[in-house]
Asker: 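Can you read through this structure? Questions will come right after.
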Amino acid sequence: MPAHTLQATDLTLTGISHRYANTQAVADVNLQVRPGELIALLGPSGCGKTTLLRIVAGLIRQSAGHVVIGGQIVDTLPTHERGAGIVFQNYALFPHMTVAANIGYGLRAAGVAKPQVAEMVTRMLALVKLAAMAERYPRQLSGGQQQRVALARTLAVSPKVLLLDEPFGALDKNLRLDMQIEVKRLQRELGITTVMVTHDQEEALSMADRIAVMNQGCVEQYGTPEEVYDAPETLFVAGFVGTTNLLPGTLASVAPAGPTVALAGGGTMVLPRARPCSSAGPVVLALRPEHLRFAAPDEPGLDATLQLSLPLGALTVHELALASGAPVKVITPRNGEGVRPMPGDKVRLALTDGAAPAVFRGS
Amino acid sequence: MLEGRVEQGSARLARASESAGSRLERWSFNLVLGTLAVLAALLLIAPTVVVLITSFTNAFSLRFPPPGYSVRWYLALWNDSPEILAAALTSLEVASMATAASVVLGVAAALALARQSSAWARLLDSIFMSPLMLPTLALGLALLVLFNLAGTGLSTATLVIGHIAITTPYVLRTTIASLTQMDPQLLESARSLGARPLFAFRTVTLPIIAPGIAAGAFIAFMGSFDNVAISLFLSDARSEVLPIRLWHIIEANLDVRAAAASGVLIVLTILLGIVMEKLAGISRHMR
Amino acid sequence: MSASASPLRQWQLMLPLALFFTVFVLLPLLLLGYISLHNDMELKQAGVAQYFKFFGDEFNLGVLGQTLWLAARTMLLALLLGYPLAYFFTLAPPRWQRVLILIIVLPLLTSAVVRTFAWVVILGRQGIVNSVLLSLAWIESPAKLLYTSSAVTVALAQIEMPLMVLPIINSLSRQDPHLREASLALGAGRWRTLLLVTLPLSLPGLLAGSLLVFAAAASAFVTQTLVGGGQLMYMPYYIYQQAIQSNNYPFAATIAMVLLVAVLVIVTLVNFAGRAVKGVAHA
């Protein structure tokens with residue numbers, strides 16, 4: 001089946017800021033999306049990711065900054081001239097039109113002749129595997145089917161940039177994974193530059209080529225899923241992406257063994273490196289649960305009391321408490337070797353091999 | 001309605017384990033409120049039913065129950081009542097013209113006002129809706145004064161103008177409701193797909209709000225057709241409308257033809273109502 | 001809020017109706033007020049004599065009072081009957097609801113003349129009420145039911161009831177049905193639930209409906225005149241009589257202004273009170 005080829009376009013946002021009444025929704029965002037790349041805008045609700053998406057789409061005129069699509073500044077272009085197709089969480093299919101009419105809408109709006117419209121509609125239906133549904137109405141379709149129609153409808157006009165606003169939010173959990181794979185496959189096949197908004201970090205981590213983690217209107221970090229997960233640049237990113245234990249302590253000057261952090265809850269950790277904060281003083285250590293293991297009492301690490309162990313598939317999640325009472329989560333392989341403590345036991349926690357937790361300036 | 005079923009199910013469960021006291025309470029509640037509700041419903045229909053039955057009387061008076069039945073009064077209405085038929089025709093003309101104008105003016109204003117929360121918008125909304133809340137009698141008199149002072153006198157045109165003032169609020173209200181209920185993302189999608197504003201309006205907005213407009217137009221038409229307060233002051237001998245004529249008949253000699261005319265109007269209204277319901281589902285817009 | 005919608009277009013869309021209303025609603029009402037401020041019928045002398053004449057005469061005050069009192073009684077009766085109807089409507093299955101809605105809405109779509117005529121038939125000497133009472137031998141000769149203020153009240157309550165029922169249905173349907181169930185599950189009886197939960201939350205619709213009925217009842221020319229007859233005088237007929245029959249426009253305008261302002265004041269006051277109570281109900 002011939003692929004629907006598009007000229008891959010790049011998207012650049014420079015200095016985008018937007019103010020609503022008294023709140024700064026977006027603050028000086030600079031992002032560059034390479035042609036054919038899929039990036040995710042990830043953050044909690046209210047962080048400005050949807051506002052940013054709508055600015056790219058032209059639905060909002062930003063207070064400052066420029067949106068550049070394919071080298072062309074589009075700030076003054078109205079939505080219908082930008083070539084930025086947006087797919088909403090609830091699909092927004094036209095209820096009074098059939099699936100075929102929905103998909104062909106954009107082409108009809110452009111004045112394309114009926115036969116060509118019909119041909120493109122057929123191609124799109126085949127692309128999303130909904131050929132049998134052409135004459136149905138949106139209300140007769142399931143959620144997943146509606147989403148595919150919404151996608152087909154947007155792709156039919158060959159947009160330069162594809163914008164997805166929480167696309168899988170309205171789907172059942174089971175369906176979600178299938179649709180994520182489907183969308184990623186389509187995006188790769190067509191090579192279309194895509195920006196996806198989501199608050200689900202697993203979704204972002206699995207689908208995106210790069211992730212922009214946003215908080216209160218700012219982009220805290222923009223990098224690949226690995227970078228964002230393994231080397232968070234700010235405390236917020238460390239806490240938001242994946243599960244993390246955030247433990248306050250004091251960073252001592254670099255000893256021969258490596259940077260050492262004396263934890264407020266008791267114990268010391270020797271780290272392979274201290275990043276992003278490497279100056280001595282109060283810090284916060286971001287320890288992922290999988291970076292900790294149960295160790296022998298003589299190894300450097302933390303002392304904690306085991307409270308609960310929950311099996312979770314191939315892993316076990318342990319909930320412990322430090323001497324100060326602060327909670328710590330540890331994840332170990334369920335059938336791994338080594339110590340198997342019981343609830344109530346005092347254990348020593350040490351870093352796993354190769355673990356490089358992030359260190360942030362504390363207060 | 002799932003909620004209704006859940007309600008019934010949980011109600012049955014609740015009743016199974018009820019005490020005598022609460023059973024009595026439930027009975028008294030349902031009895032009192034239910035009686036009132038039934039009374040209300042009967043009160044709403046009874047007059048209509050009575051008029052319909054009376055219109056088939058064969059007597060010369062409005063005695064109820066009628067001594068006998070016949071269609072003579074309907075025939076009299078059709079054959080011997082040129083002034084009633086003329087008035088009906090005038091009403092039809094005026095209502096049609098007023099409704100048409102209302103749709104044009106009202107839909108345009110609705111597009112401007114829907115989803116606007118500014119103080120201006122709310123003020124204008126109140127002003128445009130005011131004929132529904134204020135005694136239209138005063139407006140009728142006021143318009144009479146206006147036309148007299150302006151020297152234009154009364155005519156069908158001035159009558160239509162008066163009716164437009166009271167019909168437009170209906171169209172405005174239902175159209176704004178339709179526009180507000182429409183998912184704004186539909187228009188946003190249309191625009192992101194490349195549709196110019198006018199194209200998007202024609203292909204997305206209009207079809208979706210059409211039932212709302214139709215409902216408003218229907219209520220507006222009936223409102224104009226049935227209106228008395230405005231017509232009382234703006235209707236002259238040449239442009240007498242049906243309700244005024246009927247009023248004169250009833251006031252003067254309680255002619256049974258009035259019953260027949262009422263019967264026709266009632267049946268027509270019911271039929272039109274059913275048709276509009278099937279076509280545009282207007283019962284949704286009545287709330 | 002969009003990058004491309006020009007605010008100018010919005011104003012252009014609004015203009016036709018705004019112009020129409022300015023010329024044919026606002027202006028005439030202003031004129032009405034202006035006319036009422038003249039002391040003579042030829043409109044040569046400005047002054048407030050008309051208002052003095054109105055408020056100085058017991059008869060006039062009586063007419064105003066009777067009208068407002070009629071409107072209030074009608075409103076209460078419509079509320080008493082209309083609320084239960086609206087209440088059971090929301091609990092009814094969809095098929096019943098479709099039928100009920102047509103029953104409720106039909107009176108609104110038929111002419112006031114037709115609806116009033118029905119009451120003339122019902123309450124007349126040969127009407128159904130008298131026939132029933134006579135056949136039950138409760139009375140010996142036909143009672144004078146028409147041309148009493150009670151008759152007008154009942155007739156008006158029926159005629160304007162849809163205006164009460166529809167907003168209440170609206171308000172009740174927006175309520176979370178689980179609130180009622182939660183209240184019952186907590187042990188509150190049905191009466192308590194109604195009075196403490198359902199009723200307060202439906203207050204907006206209740207007030208809206210009540211005010212609509214009040215305003216409509218105060219200005220119900222046809223019903224007041226046909227059912228009330230020549231002996232009961234209310235403001236609407238007074239206006240008509242002074243304007244069309246006596247050609248006394250300034251006085252007629254005065255009566256109209258008084259009616260307008262009276263209704264407006266009462267509606268505004270109740271709205272204010274309603275908003276205050278709503279604050280408590282939703283707190």
Side-chain angles (χ1 to χ4, degrees), chain B residues 1 3-4 10 22 25-26 29 33 36-37 39-41 43-45 47-48 50-51 54 61-65 105 108-109 111-112 127-128 131 133-139 141-143 145-146 161 165 168 222 226 228-229 232 243 246-247 250-251 258 262 265-266 269-270 273 283 286-287, chain C residues 10 13-14 16-17 20-21 24-25 28-29 31-32 35 81-82 84-85 87-88 93-94 101-105 107 109-115 117-119 121-122 124 126-128 131 158 161 166 169-170 177 181 189-191 215 218-219 221-222 226 236 239-240 243 252 256 259-260 263:
Chain B
M1 284 242 288
E3 286 131 348
S10 63
S22 72
E25 208 244 357
R26 182 165 56 82
F29 183 84
L33 241 58
L36 287 174
L39 209 62
L43 203 61
L44 280 173
I45 333 177
T48 310
V50 168
V51 167
T54 312
S61 75
L62 292 168
R63 192 139 66 95
F64 192 94
L105 292 172
L111 288 170
I127 293 179
F128 291 154
M133 279 298 280
L134 304 174
T136 45
L137 211 75
L139 183 61
L141 176 64
L143 280 170
V145 164
L146 176 74
I161 288 176
T168 312
M222 298 312 294
D226 302 330
V228 171
L232 206 58
L246 283 181
W247 173 52
I250 297 171
E251 207 190 16
S262 304
L265 284 176
I266 292 173
T269 307
I270 296 179
S283 63
M286 291 291 204
R287 311 240 192 130
Chain C
Q10 279 183 339
L13 283 172
M14 182 124 63
L17 188 60
F20 181 90
F21 258 68
F24 294 114
V25 176
L29 289 175
L31 267 179
L32 200 67
I35 296 261
L81 292 173
L85 183 60
Y87 183 80
F88 281 110
I101 259 287
L102 277 171
I103 293 180
I104 294 170
V105 167
L109 297 174
T110 48
S111 176
V113 180
V114 170
R115 290 182 268 167
F117 176 61
W119 281 101
V121 171
I122 292 175
Q126 304 188 333
I128 183 173
S131 304
Q158 182 261 342
M161 206 187 325
L166 289 174
I169 289 180
N170 204 344
E181 289 170 5
R190 277 175 169 71
W191 285 107
S219 9
F221 174 85
V222 173
L226 285 179
I239 299 173
Y240 175 74
L259 180 64
L260 252 179
V263 170

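Note that this is a predicted model, so its numbers are computed, not measured. Residue numbers start from 1 in every chain, and the chains themselves are labelled A, B, ... in the order their sequence lines are given, proteins ahead of strands.
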Asker: Can you list the residues that meet the side chain to side chain donor-acceptor pair (under 3.5 Å) rule with B/T54, with sequence neighbours excluded?
Answerer: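 With neighbours one apart ignored, the set is empty.
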
Asker: What option among B/T136, B/I127, B/L143, B/L111 has the most heavy-atom pairs under 4.5 Å with chain C?
Answerer: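 The candidate making the most pairs under 4.5 Å is B/L143.
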
Asker: State, with a plain yes or no, whether a side-chain heavy atom of C/T110 is found less than 4.5 Å away from one of B/L265.
Answerer: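 They are not in contact (no side-chain heavy atoms under 4.5 Å apart), so the answer is no.
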
Asker: To the nearest 0.5 Å, tell me how far B/L134 CG sits from C/L259 CG.
Answerer: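 Between B/L134 CG and C/L259 CG, I get 9.5 Å after rounding to 0.5 Å.
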
Asker: Can you tell me which of C/I35, C/V121, C/I104, C/L102 forms the most heavy-atom pairs within a distance under 4.5 Å of chain B?
Answerer: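 Going by pairs under 4.5 Å, I would pick C/V121.
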
Asker: Are C/F24 and B/L146 side-chain neighbours, meaning at least one heavy-atom pair lies under 4.5 Å?
Answerer: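 Touching, per the 4.5 Å side-chain cut-off.
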
Asker: Would you call C/F117 and B/L246 a side-chain contact if the rule is heavy atoms closer than 4.5 Å?
Answerer: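 No; the side chains remain at least 4.5 Å from each other.
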
Asker: Determine the minimum heavy-atom distance between B/L141 and C/A256, stating which atoms define it.
Answerer: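 Scanning both residues completely, I find the closest heavy atoms to be CD2-CB, 4.0 Å.
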
Asker: Which heavy atom of B/A40 sits nearest a heavy atom of C/M161, and at what distance?
Answerer: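 Scanning both residues completely, I find the closest heavy atoms to be CB-SD, 3.9 Å.
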
Asker: Does any non-hydrogen side-chain atom of C/F20 lie less than 4.5 Å from one of B/I161?
Answerer: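 When only atoms from C-beta onward are counted, C/F20 and B/I161 do touch, with a gap below 4.5 Å.
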
Asker: Go through the atoms of C/L32 and report whether side chain, backbone, both or neither lie under 4.5 Å from a heavy atom of chain B.
Answerer: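 For C/L32, side-chain heavy atoms alone lie under 4.5 Å from chain B.
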
Asker: Just so I understand: if I count every heavy-atom pair under 4.5 Å between each of B/V51, B/L43, B/T48, B/L39 and chain C, which residue has the most?
Answerer: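 Of the candidates given, the most pairs with chain C belong to B/L43.
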
Asker: For C/Y87, what residues pass the side chain to side chain donor-acceptor pair (under 3.5 Å) criterion, not counting sequence neighbours?
Answerer: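 Result, side chain to side chain donor-acceptor pair (under 3.5 Å) vs C/Y87: C/R180.
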
Asker: With heavy-atom distances below 4.5 Å as the criterion, would you say the side chains of B/L33 and C/W191 are in contact?
Answerer: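 Contact flag for B/L33/C/W191 side chains = yes.
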
Asker: Can you find a pair of side-chain heavy atoms, one from C/V114 and one from B/T269, that are under 4.5 Å apart?
Answerer: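 Not in contact.
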
Asker: Is there a side-chain contact between C/V263 and B/P135, using heavy atoms and a 4.5 Å cut-off?
Answerer: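 Yes, side chains in contact.
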
